[in-house]
Every structure is written in structure tokens, then in C-alpha cells.
Amino acid sequence: MRTVSTEPSVAAAAYGSRLLGRTDQSTRSLRVRVQLLLTAVLLIANLIGAVVVAALLLLVRPSQPVSDAYWLAHAIAVPVYVATAAVIGVLTITRALLRVLTWAREDRAPREEEVRATLRAPRLALVRQGVLWAGGVALFTGLPLWLEPQMALTEGIAVTLAGVLVCAISYLWTEFILRPITARALVQGPPPVGRTSGVHRRLIVFWVLGTGVPVAVLMLCGILALAGDDQVDLTRLAVLCLVLGGVVLLFGYMIIGLTSRSIVAPIASVRHALGAVEEGRLDVVIPVYDATEIGHLQSGFNRMAAGLRERERIRDLFGRHVGQEVAAAAVSADVELGGETRVVSVLFVDLMGSTAMATRLEPHEVVTLLNRFCAVVVDEVDRAGGLVNKFMGDAVLAVFGAPVPRDDHATAALRAARAIAARLATEVPEIRAGVGVATGEAVAGNVGDERRFEYTVIGDAVNSAARLTELAKKRPGLVLAADGSLAAAAEDEAARWRADGEEVLRGRTTPTGLAVPR
């Protein structure tokens, strides 16, 4: 199987981004890629948080000046804490994640509990980042209460907002980076519905983080201003509204954008795969890297594609056994026992001396020789538009004009008879076979029982072709046709045959005119 994409990069963007590598990358390459990306993302997320804190502290200044001790304490505490928290966060989170993903490093199938732990890995990053930034909230709210109480609210708001943003970004990017490993964990399909958070819950959570929390903080400031809190005067409230509005617009958009990409990417993979199936490419498999309802959609597509492959395989085997025309007719309509009377042309080919050949050759040699014989017959019958109806050990029965009606069935049967005789003489010289062609009415349809039946043709034309084959074995050219076939054939094909007497065929009372190729 191969991972699908209708784009030029077939497997490179299988996980929604070239950044995550190909589906066939080695375990070592995947481990290095994941570790580097996680480290970079966590550092960048904490850097963004630090920038947000600094921007809020500089923009939302109190009306009264603050002491030099306050700025000195923060000049030391802010970089030290941010750097320490970033390093500790990166080390502890990456180590914890890699410990959870031990099964992936060992290149083995995960156990059920390991699958669950893998799906919870992004939450682990979220919780650990939250703990680190909660410590920051406590520190940078308590420090102003000791040095400059009027700055406590500002710092609490700044660090809280920055922490929320860092946690949200860390979660979304960790989930994105772990897609290749999640796909390996979910190779048998996503877990049952309800085991993990769904799309609806995910959207609600990130609305709360990206929009709800900043707006709630803004409302809190408004309540404090209405209550007459001296930390929130009109000017600071206006500035705070503008700054928080900017945070909501910028980072809320960023979080919603990342969330939407996490939803759109797996849906796009299904859309591309459906396009491939529409083009007739059934050997496609989508990596299942989402544990929500969208993952069930990906897994459902894989099951559908597997079912289509199985159906196509059965159709192919069915067609090989009964003929493609019969298979197509059976698939397109309800199959019923019985048949209908049609005028058809029947071609019968029978080996000479097959009993002696079976005693002279080894069994596998006999099978090989019969396969070469049958290959010639099948090739020419298919080329002429006929149906190989039966393989009867050392004989082959073919019919022209059923199950698909055709006006030139006699022409096609005669042309196939000449071609088969010529090719057997040159390509399978070890054997000799008689070829007979007859045209007439026959009943074509399904014979047997509802539980087991086969498509066949029964009638005088079939019997006549078999009798002609026996007579053909005694003729130099090994080919005989009934004069009725010549009468029904086109002039150019009939001109390639000449009359060769007549014979009363076994089971008949009147003679049948015979013809042989010129």
C-alpha cells in the first residue's frame, strides 16, 4: 500500500506538512525530528510568553512612578525566571514525552495503555507548561505586592495571559509534531468514541484559551474600575482595553488558525484520497493521526478502501473463473437460475492423445503444457470477443454471442478457430488439438442450484461443435466448421474457408456440410 496524495509530493505531506517527514522515514530519523521540533517549539512558545509579559508591563503603566527597587528586582527576576522556566520546561517536557513514546523508540507495536498515553502526550505538555507559568503568576504577583502594590494587578494579568498563550501554543504544536507517532499508535484505527476529546470540545477549549480568558480579564478590570479600585483608573483601563484587544485579535487568531489547521489537514487527506479512488487507485492508505471524530473519518476511509480492494480482487477472480462478461452481467443485475434461447457460435478445442501424454510426462510437466495450450486458446478467444466458458481438462469450450449479444458471432468464431490452430502449431508443437466451430440455437444461462451454479450454454450448436472437433482430429488442418457458420459469417471471413464434403454427425439424422480453412 502507499500513502496517497493527488499532489506531486505523494508521501512527503502525508501528515499535513513536509516538516513532519515521510511516512516511510526510519525510527531514528523520526525520533531526532520530533525531539528537535519539540525543543524549538517549546523555546519559541516561552519566548513569545516573555515578549507578551514585557509588552504588557511597558504599555500598561501606573499613573504614579514606581521605585527603582521594583525595576531592579524585575530586571533580575524576569530574565532569570523566564530562562530557568524555559530550560526546565523544555527538558522536563521533552523527557516526559520521550518516556511516554518509548515504544516508538523501540520500533515495536504499542500496548493499549501506551496508545492511551501517546494520545495524552499533548495534554502532558499543556499541564507542565501550565504549572511553570502558574509559578510565574505567583512570583510576579507576589513581588509587586511587596515592592509596588499598584503593579500587582497589571503583572498578574500580564503573566496569566502570557501563560495561557504559551500553554495553548505548546499544546497545538506538540499535537502537530507528534502526528507521525500518533499515526503509528493508531495504525489499527482510532480508539472508540468517547476515549478522547472530540472536535467540539477541542474548539470550545481553545476558544476559552484564545478568547475567553483575555475577555474575562478585561471584564475583571472593568468591574474593578466600577468598584473604585485605585489600581484601575480611566487611563489605565483604556490602555488595558486596547492592549488586551490586541492580544485577543493577534494571538486569538493564531490559536484559532492552528486549531483550524489541525482539523483541516486530516480532512484534506481524506479529500485527496477520495480523488485517488475516483481515478481508480485503490491501493491508498491514509495515516490516522487524529484521535477525534476526524480520526474515525480517516480510519473509515481506510476501511472503505480495503473493502473496495477486496471487492475488486473478488471481481477479478470471479471474472477469471467465469469470464469478464459473465461477471459484469452478474454484478449489474440479480442472478437467477435459467436462461434464454439465442443464436450463438460455439468453438470447441480438444487435445489429441492426452491420456498417453499424462502417462509419459510428470504431473507438473502435464500442467505446464496444458497451461501453454489454454493460454493460446484464451488469448485468441478474448481477441475475437468471445467467452471461454469451460476448461474441461484437455478441452476448452468457448461461445460467441452470449452473454453479450453480437451480430458477427460466426465471423469471430471462425477467425478465432483459424488463429488458434495456427498458433498451436508454432507455439505448442508438442501437442495436436482438433478445433470445431458450429452455429445455431442454444440456451444460455445459469444452471445448477441457488447455492451453487454456473453460466453455460446448452443446445445443438454445442453438441455439433464437439462432434466436429472429433472429426477435425482426422483432417490434416485439424480444423472443421459447419456450413451454417459460414452462411452466418461475413463474406471476407467466409472466403477464407472452402467446402469439404458433408457428414452425418453422431446423434443426428441429416448430414452436416463441412468446411476447412483454405
Side-chain angles (χ1 to χ4, degrees), residues 1-5 9-48 85-132 166-191 195-196 258 261-262 265-266 269 285-292 294-295 298-299 302:
M1 303 304 166
R2 64 173 180 269
T3 303
V4 69
S5 172
S9 54
V10 174
Y15 301 113
S17 172
R18 294 173 180 270
L19 196 63
L20 301 180
R22 301 175 61 90
T23 56
D24 55 357
Q25 62 186 309
S26 67
T27 301
R28 183 179 182 279
S29 174
L30 176 59
R31 183 177 70 251
V32 172
R33 183 189 301 273
V34 167
Q35 191 160 4
L36 290 176
L37 288 175
L38 281 175
T39 301
V41 163
L42 293 174
L43 286 174
I44 292 173
N46 283 280
L47 179 61
I48 290 174
V87 171
I88 293 175
V90 169
L91 291 177
T92 59
I93 291 173
T94 53
R95 283 182 180 177
L97 290 178
L98 292 175
R99 189 163 54 249
V100 167
L101 305 175
T102 300
W103 63 269
R105 296 203 310 273
E106 296 175 353
D107 199 16
R108 61 175 174 83
R111 297 185 293 272
E112 184 178 354
E113 61 273 13
E114 290 174 326
V115 172
R116 291 198 297 269
T118 300
L119 299 181
R120 289 195 299 266
R123 299 185 209 174
L124 185 149
L126 175 67
V127 171
R128 298 213 171 197
Q129 286 280 34
V131 169
L132 290 172
V166 170
C167 290
I169 293 172
S170 298
Y171 179 92
L172 287 168
W173 276 99
T174 301
E175 189 177 55
F176 169 77
I177 293 168
L178 294 181
R179 279 181 183 177
I181 295 178
T182 303
R184 296 189 180 192
L186 299 179
V187 69
Q188 299 301 325
R195 294 282 287 277
T196 58
L258 291 173
R261 284 179 62 87
S262 71
S269 70
V285 176
I286 300 176
V288 181
Y289 53 78
D290 192 290
T292 66
I294 299 176
Q298 293 177 308
S299 181
N302 288 339

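- Although no hydrogens or angles enter the test, the distance criterion places no donor-acceptor pair under 3.5 Å between the side chain of N302 and the main chain of V285.
- In this structure, the side chain of S170 does not engage the main chain of C167 through any donor-acceptor pair within 3.5 Å.
- Two residues are said to be in side-chain contact when any heavy atoms from C-beta on lie closer than 4.5 Å; F176 and L19 meet this criterion.
- Closest non-hydrogen pair, I286 versus S269, comes out as CG2-OG, 3.5 Å.
- The shortest non-hydrogen separation linking P122 to T174 is CA-CG2, 3.9 Å.
- Closest approach of L30 to P180, counting heavy atoms only: CD1-CB, 3.5 Å.
- Side-chain N or O atoms of R184 include none that pairs as donor or acceptor with a backbone N or O of P110 at under 3.5 Å.
- From R179, atom CZ reaches atom CG of L186 across 13.0 Å, with rounding to the nearest 0.5 Å.
- The closest donor-acceptor contact from the side chain of Q129 to the backbone of A168 lies at 3.5 Å or more, if one exists at all.
- Interatomic distance, E175 CD to L119 CG, rounded to the nearest 0.5 Å: 9.5 Å.
- For the pair T118/W103, a side-chain contact is recorded, criterion being any heavy-atom separation below 4.5 Å from C-beta on.
- Of the listed residues (L36, L43, L37), just one forms a side chain to side chain contact (heavy atoms under 4.5 Å, CB included) with T39, and that residue is L43.
- Pairing each heavy atom of Q25 with each of L20, the nearest pair is NE2-O, 2.9 Å.
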